[in-house]
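Working notes, structure below.
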Amino acid sequence: MKIGFIGLGNMGAGMCANLVGAGHDVRAFDLNAEAVAAAVAAGASAASSLAEVADGAETVVTMLPAGKHVLSVYFGDGGIASHAAAGTLFIDCSTISVDEAREAAGKASDGGFLMVDAPVSGGTAAANAGSLTFMVGGPDAAFERASPVLDIMGANVVHAGGAGNGQVAKIANNMLLGISMIGTCEAFNLAEKLGLDAQTFFDISSTASGQCWSMTKYCPSPGPVPAAPSNNDYQPGFAVAMMLKDLRLAQQAAGGIDASTPLGAQAEAIYAKLDEDGFAGLDFSGVMRRVRGEI
Ligand code: NAD
């Protein structure tokens, strides 16, 4: 299949390489020439413009920083929509706001294209390994066409409903993750300060009612989960800046519909302060160091 791929950054590079590895004819584009050169080295062909990406493509995949980039790449002057054939499938894997995802879907539909929002869970390791989870929003017909492409780049592909629902799933999940990580840090810090060592508390709580992913798979206290970033000086992993982006998107969406999210707001404030204090690149579980008063 002829696939156009736009956005060859930390995530997109591996995703693009996996599509090439599955035998697809992938035309790759990025504003960064080095990123395009790396995609070409992995077997893609280089496109020098959005028009070239769209030419003959049956599917276009995007993995871009934010909603403004997505709207401009597809629907701006000279964007993909002004060059692609009717019926082309657009798969946007970027994390963007629910409103922007629905705006993009409406524009795609008006132009005679099929579109899904398909944000991912999993970082660069999962992008490289083809083991991402995709949360997909869009009509059934678009999901059915997108699934075989997403299956190459991911291990789990879930249809979350209509346009924008992939982004809804992503921000609701990551708001819960941010809250649960801070809660886990507070619980370990409390236990340790009261004389209970981290491993003993983990052994009890990880099989009791306090257990959650932040504890069992990503424990912010060093020791109990050897592969967790807490054992590697809180190197990411999933950086504070990325968590903050998702918490902001969640707060923005909640504000628009008057959904009560006081803990989500608090989590956003805590990660925003870490970001402001120069810890944007710390793994998000590094909030443990703040809870302990170390930073
Ligand atoms: P990145 O900044 O590494 O890559 C983005 C790429 O898009 C860059 O190479 C940039 O040059 C390119 N780009 C920007 N504007 C462009 C344009 N107009 N035309 C062509 N190329 C353009 O970002 P990333 O870490 O790969 O993240 C991409 C998306 O995935 C984001 O929406 C992010 O929130 C989401 N995400 C990232 C992670 C992660 O761990 N990095 C995890 C889950 C989701």
Side-chain angles (χ1 to χ4, degrees), residues 4-18 26-40 42 44 46-54 60-83 90-98 100-101 104 117-136 150 153-156 166-167 169-175 177-178 218 229 235-250 252 271 275 280-285:
F5 200 109
I6 305 166
L8 306 160
N10 293 321
M11 297 292 287
M15 294 164 69
C16 178
N18 286 328
V26 182
R27 208 170 283 177
F29 180 75
D30 196 290
L31 298 178
N32 175 350
E34 281 176 24
V36 177
V40 169
S48 56
S49 67
L50 292 176
E52 264 186 44
V53 176
V60 175
V61 182
T62 41
M63 193 51 163
L64 295 161
K68 63 181 178 191
H69 308 104
V70 173
L71 287 168
S72 129
V73 158
Y74 282 109
F75 308 108
D77 276 351
I80 292 293
S82 56
H83 300 287
F90 300 163
I91 302 178
D92 179 39
C93 301
S94 326
T95 302
I96 69 174
S97 76
V98 175
E100 287 167 319
D117 49 290
V120 306
S121 173
T124 51
N128 294 337
S131 61
L132 294 164
T133 291
F134 288 94
M135 297 155 263
V136 189
L150 297 175
M153 300 184 286
N156 297 302
Q167 302 294 349
K170 166 92 187 179
I171 58 169
N173 180 74
N174 279 16
M175 183 179 80
L177 175 63
Y218 215 87
Q235 295 306 303
F238 187 54
V240 163
M242 304 295 300
M243 173 52 82
L244 178 58
K245 172 187 174 178
D246 295 351
L247 289 169
R248 282 186 169 145
L249 287 172
Q252 184 193 330
Y271 280 107
D275 183 78
L282 192 69
D283 185 75
F284 83 113
S285 63

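In this chain, numbering begins with 1 at the start of the sequence shown. Since this is a predicted model, take the numbers as computed values, not measurements. Every number for a ligand or one of its atoms is a count from 1 in the order of the listing.
Proximity to G7 (heavy-atom distance under 4.0 Å) selects the following atoms of ligand 1: 7 (O). Shown in contact with K170 at under 4.0 Å from a heavy atom are these atoms of ligand 1, numbered in order with element: 43 (C), 44 (C). The ligand atoms of ligand 1 that sit less than 4.0 angstrom from a heavy atom of K245 are 31 (C), 32 (O), 33 (C), 34 (O). For ligand 1, the atoms sitting less than 4.0 Å from at least one non-hydrogen atom of V120 are 43 (C), 44 (C), numbered in the order shown with element in parentheses. Heavy-atom contacts of T95 reach the following atoms of ligand 1: 32 (O), 34 (O), 35 (C), 44 (C) (cutoff under 4.0 Å). Below 4.0 Å from some heavy atom of S94 lie the following atoms of ligand 1, by number and element: 32 (O). With ligand atoms numbered from 1 in the order given, ligand 1 contributes 17 (C), 18 (N), 19 (N) to contacts under 4.0 Å with heavy atoms of V73.
When distances from atom 23 (O) of ligand 1 to the protein are checked, no heavy atom turns up under 4.0 Å.
Side-chain atoms of D30 do not come within 3.5 Å of backbone N or O of A35 as any donor-acceptor pair.
Summary of contacts: the protein heavy atom closest to atom 40 (O) of ligand 1 is G123 CA, 3.7 Å. Of the protein's non-hydrogen atoms, G122 O, 3.5 Å is the one closest to atom 42 (C) of ligand 1. Of all protein heavy atoms, the one closest to atom 28 (C) of ligand 1 is L64 O, 3.8 Å. From the protein, the heavy atom lying nearest to atom 3 (O) of ligand 1 is N10 N, 2.9 Å. Nearest protein heavy-atom neighbour of atom 4 (O) of ligand 1: G9 CA, 3.2 Å. Among protein heavy atoms, the minimum distance from atom 27 (O) of ligand 1 is reached at M11 CG, 3.9 Å. Scanning the protein heavy atoms around atom 30 (O) of ligand 1, the nearest turns out to be M63 CE, 3.1 Å. Here the protein heavy atom with the shortest distance to atom 36 (N) of ligand 1 is M242 CE, 3.8 Å.
Proximity of Q252 to S97: side-chain heavy atoms (C-beta onward) are separated by under 4.5 Å at one or more points. Taking 4.5 Å as the limit, some side-chain heavy atom of D283 sits within range of a side-chain heavy atom of F238. Between F90 and T62 there is no side-chain heavy-atom pair separated by less than 4.5 Å.
By the criterion of a heavy-atom distance under 4.0 Å, the side chain of I6, and not its backbone, is placed next to ligand 1. Neither the backbone nor the side chain of M15 comes within 4.0 Å of ligand 1, counting heavy atoms alone.
Within the structure, ligand 1 lacks C93 among the residues with a heavy atom less than 4.0 angstrom away. Residue contact check for ligand 1: A35 places no non-hydrogen atom closer than 4.0 Å to it.
Aromatic ring orientation, Y271 versus F284: tilted (interplanar angle from 30° to 60°).
D77 contributes atom CG, which lies 11.5 Å from atom CG of L50 (distance to the nearest 0.5 angstrom). Note that NZ of K68 and CD1 of I96 are 12.5 Å apart. Values are rounded to the nearest 0.5 Å. Rounded to the nearest 0.5 angstrom, K170 NZ and L177 CG are separated by 9.5 Å.
Of the candidates G79, A239, P65, A47, the one placing a heavy atom closest to atom 2 (O) of ligand 1 is P65. Of the candidates D30, L31, D246, it is L31 that places a heavy atom closest to atom 16 (C) of ligand 1.
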